[in-house]
Amino acid sequence: SQFVMDADWLHWHQSPSQPSFELPKGAVDAHCHVFGPGNEFGFAPERKYTPCDASKQQLWDLRDYLGFSRNVIVQATCHGADNNAMVDALLASNGLARGVATIKEDISDAELDRLHAAGVRGVRFNFVKRLVDALPFDSLKRIAERIVKRDWHIVIYFESQDLPELYDFFTSLPTILVVDHMGRPDVTKSVEGEDFALFLKFMLENENVWSKVSCPERISIDGPNKGYQDVVPFARKVVESFPDRVLWGTDWPHPNMKSHMPDDGKLVDMIPLFAPTTELQQKLLIDNPMRLYWSK
Ligand SMILES: O=C(O)/C=C(\C=C(/O)C(=O)O)C(=O)O
């Protein structure tokens, strides 16, 4: 077993395959994390899982091995609102990494300036109950009002069954919204079904809403042995419907994976299934993330 001592989930894949899909030059891994090192950047006391360390150098090594040029490093709940591990990576990235932070309502303007100078361009609102106790809507709304002035966006992570209750709050927010992992659709239901229709309506009726077509390994029922094929129709529908508002990410080091650990090279090889033309791949991997994270 690859369960890591003192972490409660699997260690990331130690020997991912070389992708057969050649990433276009300048491709961006738009959803990944760094964790710790725990003896330098402590984990949040309120965390709901304890990760193993996953360093910026290991992230850069994976970036180079898979053929990406840039990373967007997203603050994970295990570090709470202490963004220092992520900021440390941004400062060491020679401008090749941008960040999405988790912040509290009382954050100072000076600290927001520090985060922006390091390369942070958004904040994350996480509603996945097994991960975090979400802040109340009024607090999140006040955070949104502050960060919109900086032209930052909000990354939102929720499960599809919670979208109905979150919908009106999301559509009241003043920024670009970027949905993690398509809002985790229930792939046992039809891609034409009413559940996914609500998510597509969310994107169709709100041009400020983007989505990451990532994490088939978290969404799939079929699993790796069937190449997560049950996720493909959902991701392809989003990419083909909203080609200018989609992003892709590895989600390395894949926190909280317990059933199996995905092979990052195989995840990259799914990109042409989600984005079947070079034009769609250019938008997904380069144009969209560069516009959102490196245009200012
Ligand atoms: O890494 C992901 O995006 C997914 C997970 C964890 C987090 O996002 C987090 O801890 O912030 C998950 O589904 O457990």
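Each ligand, and each atom within it, is numbered from 1 in the order the structure gives. Predicted model only: the values in this text are computed from it and were never measured. Count residues from 1 along the sequence.
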### Message
Heavy-atom contacts with ligand 1 below 4.0 Å: which residues, ordered by chain and residue number?
### Response
H31, H33, Y49, A76, T77, R124, N126, R130, L131, Y157, H181, R184, R218, D251, P255, N256
#### Entry: Close aromatic pair by centroid cut-off 6.0 Å: H31 and H181
yes
### Query
Relative to each other, are the rings of F170 and F127 parallel, tilted or perpendicular (30° and 60° limits)?
perpendicular
### Task
Tell me whether the centres of the aromatic rings in W60 and F68 are closer together than 6.0 Å.
no
### Task
Report yes or no: does R150 contribute a side-chain atom to a donor-acceptor pair with the main-chain N or O of I147 at less than 3.5 Å?
no
### No-hydrogen, no-angle side-chain donor-acceptor test under 3.5 Å, D269 and S20
yes
### Message
Test your reading of the model: is there a side-chain donor-acceptor pair from R291 to the backbone of D244, 3.5 Å cut-off?
### Response
yes
